[in-house]
Amino acid sequence: MGVIGPRAYGKEGQTLIHEATDNWIPYGWRNQLGNDVLINYELNHEKQLLNFKDLLFLNSDLGLRLGSMYTDVSVGSSLMLGLFKSPLSINANKGKFQIYLYSNPKVYIVGYDATLQGGLFNSNNLYTIGSSDITRLKAKMDYGIVIKSGFFYLEYTRSQITKEFKTGKTEGWGGLRLGFRI
(Lines give C-alpha, C1' and ligand atoms only; values in the text may rest on other atoms or scores of the structure.)
Protein backbone atom coordinates (compact mmCIF):
# COMPACT_ATOMS: atom_id res chain seq x y z
CA MET A 1 0.00 0.00 0.00
CA GLY A 2 1.20 3.50 -0.69
CA VAL A 3 0.82 6.56 -2.88
CA ILE A 4 1.98 7.81 -6.24
CA GLY A 5 2.44 11.47 -7.12
CA PRO A 6 3.73 14.47 -5.13
CA ARG A 7 2.71 12.89 -1.80
CA ALA A 8 5.31 10.16 -2.40
CA TYR A 9 8.03 12.88 -2.08
CA GLY A 10 10.09 11.54 -5.00
CA LYS A 11 10.96 15.05 -6.18
CA GLU A 12 12.33 16.04 -2.79
CA GLY A 13 14.34 12.83 -2.43
CA GLN A 14 15.88 13.02 -5.89
CA THR A 15 16.63 16.74 -5.52
CA LEU A 16 18.35 16.12 -2.17
CA ILE A 17 20.57 13.39 -3.68
CA HIS A 18 21.44 15.55 -6.70
CA GLU A 19 22.32 18.52 -4.48
CA ALA A 20 24.42 16.34 -2.15
CA THR A 21 26.36 14.91 -5.10
CA ASP A 22 26.69 18.32 -6.80
CA ASN A 23 24.70 17.27 -9.89
CA TRP A 24 22.16 19.14 -11.98
CA ILE A 25 18.72 19.48 -10.40
CA PRO A 26 16.06 17.42 -12.24
CA TYR A 27 13.33 19.55 -13.80
CA GLY A 28 10.92 16.94 -15.20
CA TRP A 29 8.93 16.71 -11.97
CA ARG A 30 6.40 19.25 -13.28
CA ASN A 31 5.04 16.36 -15.41
CA GLN A 32 4.67 14.06 -12.40
CA LEU A 33 1.53 11.93 -12.14
CA GLY A 34 -1.17 13.20 -9.78
CA ASN A 35 -1.60 11.83 -6.28
CA ASP A 36 -3.29 8.45 -6.16
CA VAL A 37 -3.68 5.51 -3.80
CA LEU A 38 -1.72 2.34 -4.54
CA ILE A 39 -2.82 -1.07 -3.40
CA ASN A 40 -0.92 -4.04 -4.77
CA TYR A 41 -0.51 -7.71 -4.02
CA GLU A 42 2.54 -9.64 -5.17
CA LEU A 43 3.03 -13.40 -5.27
CA ASN A 44 6.39 -14.95 -6.22
CA HIS A 45 7.58 -18.52 -6.56
CA GLU A 46 11.23 -19.50 -6.77
CA LYS A 47 12.46 -23.05 -7.30
CA GLN A 48 16.05 -24.12 -7.03
CA LEU A 49 17.19 -25.84 -10.21
CA LEU A 50 20.90 -26.16 -9.41
CA ASN A 51 23.22 -25.50 -6.48
CA PHE A 52 26.78 -26.66 -7.11
CA LYS A 53 28.78 -26.38 -3.87
CA ASP A 54 27.68 -22.77 -3.27
CA LEU A 55 29.71 -21.74 -6.32
CA LEU A 56 26.96 -21.88 -8.96
CA PHE A 57 23.27 -21.36 -8.22
CA LEU A 58 20.34 -21.37 -10.67
CA ASN A 59 16.66 -21.05 -9.91
CA SER A 60 13.40 -20.35 -11.70
CA ASP A 61 11.43 -17.24 -10.84
CA LEU A 62 7.68 -16.81 -11.42
CA GLY A 63 5.74 -13.72 -10.37
CA LEU A 64 2.27 -12.21 -10.30
CA ARG A 65 1.50 -8.61 -9.36
CA LEU A 66 -2.11 -7.50 -9.08
CA GLY A 67 -3.37 -4.07 -8.09
CA SER A 68 -3.50 -0.36 -8.79
CA MET A 69 0.29 0.01 -9.26
CA TYR A 70 1.13 -2.98 -11.48
CA THR A 71 -0.83 -5.85 -12.92
CA ASP A 72 1.50 -8.27 -14.68
CA VAL A 73 2.89 -11.79 -14.83
CA SER A 74 6.61 -12.56 -15.05
CA VAL A 75 8.84 -15.55 -15.69
CA GLY A 76 12.59 -15.58 -15.33
CA SER A 77 15.59 -17.09 -13.64
CA SER A 78 18.37 -16.16 -11.24
CA LEU A 79 21.99 -17.17 -11.71
CA MET A 80 24.76 -16.65 -9.15
CA LEU A 81 28.43 -17.47 -9.70
CA GLY A 82 31.14 -17.06 -7.07
CA LEU A 83 31.62 -17.69 -3.36
CA PHE A 84 28.30 -17.44 -1.52
CA LYS A 85 25.74 -19.11 0.70
CA SER A 86 22.58 -20.23 -1.07
CA PRO A 87 20.03 -17.39 -0.92
CA LEU A 88 17.40 -20.02 -0.09
CA SER A 89 19.22 -21.20 3.05
CA ILE A 90 18.14 -20.06 6.51
CA ASN A 91 21.59 -18.61 7.26
CA ALA A 92 22.15 -16.95 3.86
CA ASN A 93 23.35 -13.65 5.35
CA LYS A 94 25.41 -14.98 8.24
CA GLY A 95 29.04 -15.87 8.55
CA LYS A 96 31.47 -16.33 5.75
CA PHE A 97 32.86 -13.86 3.24
CA GLN A 98 30.86 -13.83 0.01
CA ILE A 99 31.64 -12.43 -3.44
CA TYR A 100 29.58 -13.30 -6.48
CA LEU A 101 28.23 -12.21 -9.84
CA TYR A 102 24.53 -12.46 -10.50
CA SER A 103 22.05 -12.09 -13.33
CA ASN A 104 18.27 -12.08 -13.24
CA PRO A 105 16.58 -12.04 -16.68
CA LYS A 106 12.77 -11.76 -16.72
CA VAL A 107 9.99 -11.52 -19.28
CA TYR A 108 6.76 -9.72 -18.34
CA ILE A 109 3.24 -9.79 -19.73
CA VAL A 110 1.83 -6.40 -18.76
CA GLY A 111 -1.80 -5.69 -17.99
CA TYR A 112 -1.51 -2.31 -16.23
CA ASP A 113 1.32 0.01 -15.18
CA ALA A 114 0.39 3.10 -13.14
CA THR A 115 3.87 4.60 -13.63
CA LEU A 116 2.97 5.00 -17.32
CA GLN A 117 -0.82 5.06 -17.38
CA GLY A 118 -1.53 7.04 -14.20
CA GLY A 119 -3.36 5.91 -11.11
CA LEU A 120 -6.71 4.13 -11.22
CA PHE A 121 -8.58 6.59 -8.99
CA ASN A 122 -7.26 10.02 -10.12
CA SER A 123 -7.28 10.80 -13.84
CA ASN A 124 -5.99 14.37 -13.30
CA ASN A 125 -2.54 13.93 -14.89
CA LEU A 126 -0.57 16.17 -17.24
CA TYR A 127 0.75 13.27 -19.26
CA THR A 128 0.10 9.52 -19.41
CA ILE A 129 0.58 6.75 -21.96
CA GLY A 130 -2.64 5.38 -23.43
CA SER A 131 -3.52 1.73 -22.87
CA SER A 132 -3.22 0.92 -26.59
CA ASP A 133 0.36 2.29 -26.63
CA ILE A 134 1.65 0.14 -23.75
CA THR A 135 4.06 -2.64 -24.76
CA ARG A 136 2.38 -5.75 -23.38
CA LEU A 137 5.48 -7.97 -23.62
CA LYS A 138 8.71 -6.62 -22.15
CA ALA A 139 12.01 -8.02 -20.92
CA LYS A 140 14.29 -6.87 -18.12
CA MET A 141 17.79 -7.94 -17.10
CA ASP A 142 19.32 -7.12 -13.72
CA TYR A 143 22.95 -8.07 -13.11
CA GLY A 144 25.86 -7.11 -10.92
CA ILE A 145 28.45 -8.04 -8.34
CA VAL A 146 28.00 -8.40 -4.57
CA ILE A 147 30.56 -8.44 -1.76
CA LYS A 148 29.47 -9.42 1.78
CA SER A 149 31.64 -9.76 4.83
CA GLY A 150 30.26 -10.02 8.35
CA PHE A 151 28.09 -6.94 8.79
CA PHE A 152 29.18 -5.20 5.55
CA TYR A 153 27.44 -5.35 2.17
CA LEU A 154 28.48 -3.75 -1.14
CA GLU A 155 26.73 -4.19 -4.50
CA TYR A 156 27.20 -2.73 -7.96
CA THR A 157 24.08 -3.28 -10.04
CA ARG A 158 22.97 -2.68 -13.62
CA SER A 159 19.54 -3.00 -15.22
CA GLN A 160 18.36 -3.02 -18.84
CA ILE A 161 14.72 -3.00 -19.94
CA THR A 162 13.10 -3.18 -23.37
CA LYS A 163 10.78 -0.39 -24.40
CA GLU A 164 7.68 -0.13 -22.23
CA PHE A 165 5.52 1.78 -24.73
CA LYS A 166 5.40 1.91 -28.52
CA THR A 167 7.37 5.14 -28.99
CA GLY A 168 9.73 4.40 -26.10
CA LYS A 169 13.24 3.01 -26.25
CA THR A 170 15.38 0.48 -24.44
CA GLU A 171 16.60 1.94 -21.15
CA GLY A 172 19.41 1.15 -18.74
CA TRP A 173 20.54 2.31 -15.32
CA GLY A 174 22.86 1.29 -12.54
CA GLY A 175 23.58 1.84 -8.92
CA LEU A 176 25.78 1.23 -5.95
CA ARG A 177 24.42 -0.15 -2.69
CA LEU A 178 26.22 -0.06 0.62
CA GLY A 179 24.72 -1.66 3.69
CA PHE A 180 25.39 -2.76 7.22
CA ARG A 181 23.64 -5.55 9.05
CA ILE A 182 22.73 -4.95 12.72
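All residue numbers refer to positions in the sequence shown, counting from 1. This is a predicted model, so every value here is computed, not measured.
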Measure the [atom1]-[atom2] distance between [X] and [Y] for me, rounded to the nearest 0.5 Å.
| X | Y | atom1 | atom2 | result |
| --- | --- | --- | --- | --- |
| Leu83 | Ile99 | CG | CD1 | 7.5 Å |
| Thr128 | Asn31 | OG1 | CG | 11.5 Å |
| Ile109 | Thr135 | CD1 | OG1 | 13.5 Å |
| Asn59 | Ser77 | CG | OG | 7.5 Å |
| Asn122 | Leu33 | CG | CG | 9.0 Å |
| Leu55 | Tyr100 | CG | OH | 14.0 Å |

Decide yes or no for [X] and [Y]: does some side-chain heavy atom of the first lie under 4.5 Å from some side-chain heavy atom of the second?
| X | Y | result |
| --- | --- | --- |
| Glu46 | Asn44 | no |
| Asn35 | Val3 | no |
| Val110 | Gln117 | no |

[X], [Y]: one ILVMFWY side-chain cluster at the under-4.5 Å cut-off?
| X | Y | value |
| --- | --- | --- |
| Phe52 | Leu81 | yes |
| Tyr102 | Tyr153 | yes |
| Leu79 | Phe84 | no |
| Leu126 | Phe121 | no |
| Leu101 | Leu50 | no |

query = What pairs meet the salt bridge (charged side-chain N to carboxylate O under 4.0 Å, His left out) rule with one or both residues in residues 33-42, with sequence neighbours excluded?
reply =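 Non-adjacent pairs meeting salt bridge (charged side-chain N to carboxylate O under 4.0 Å, His left out): zero.
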N/O donor-acceptor pair under 3.5 Å between Lys166 side chain and Ser132 backbone =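 Yes, because the side chain of Lys166 sits within donor-acceptor range (under 3.5 Å) of the backbone of Ser132.
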message = Tell me if a side-chain donor or acceptor on Ser159 pairs with a main-chain N or O of Trp173 at a distance below 3.5 Å.
response =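 A pair under 3.5 Å: no.
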key: Chi angles and distances behind the side chain to side chain contact (heavy atoms under 4.5 Å, CB included) call for Arg136, Ser131   = CA-CA 10 Å; Arg136 299 297 172 188; Ser131 181; 2.9 Å; yes
message = For Thr157 and Val146: C-alpha separation, side-chain torsions, deciding distance, then whether side chain to side chain contact (heavy atoms under 4.5 Å, CB included) applies.
response = CA-CA 8 Å; Thr157 181; Val146 174; over 6 Å; no
query = With sequence neighbours excluded, what pairs up with Tyr127 under the ring-ring contact (aromatic ring centres under 6.0 Å, His included) test?
reply = none
Grab the two heavy atoms, one from [X] and one from [Y], that are nearest each other, plus how far apart they are.
| X | Y | answer |
| --- | --- | --- |
| Phe57 | Gln48 | CE1-OE1, 3.5 Å |
| Gly172 | Arg158 | C-NH2, 4.5 Å |
| Lys85 | Gln98 | N-OE1, 3.1 Å |

ask   = Are more than 12 heavy atoms from other residues, nucleotides or ligands located less than 6.0 Å from atom OH of Tyr9?
value =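 At most 12 heavy atoms, drawn from other residues, nucleotides or ligands, come within 6.0 Å of this atom.
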Tell me which donor-acceptor pairs under 3.5 Å the side chains of residues 60-73 have, and how far apart each pair is, sequence neighbours excluded?
unit_1, atom_1, unit_2, atom_2, d
Arg65, NE, Asp72, OD1, 3.0
Arg65, NE, Asp72, OD2, 3.3
Arg65, NH2, Asp72, OD2, 2.6
Ser68, OG, Val37, O, 3.3
Ser68, OG, Ile39, N, 2.8
Ser68, OG, Ile39, O, 3.4
Thr71, OG1, Gly67, N, 3.3
Thr71, OG1, Gly67, O, 3.1

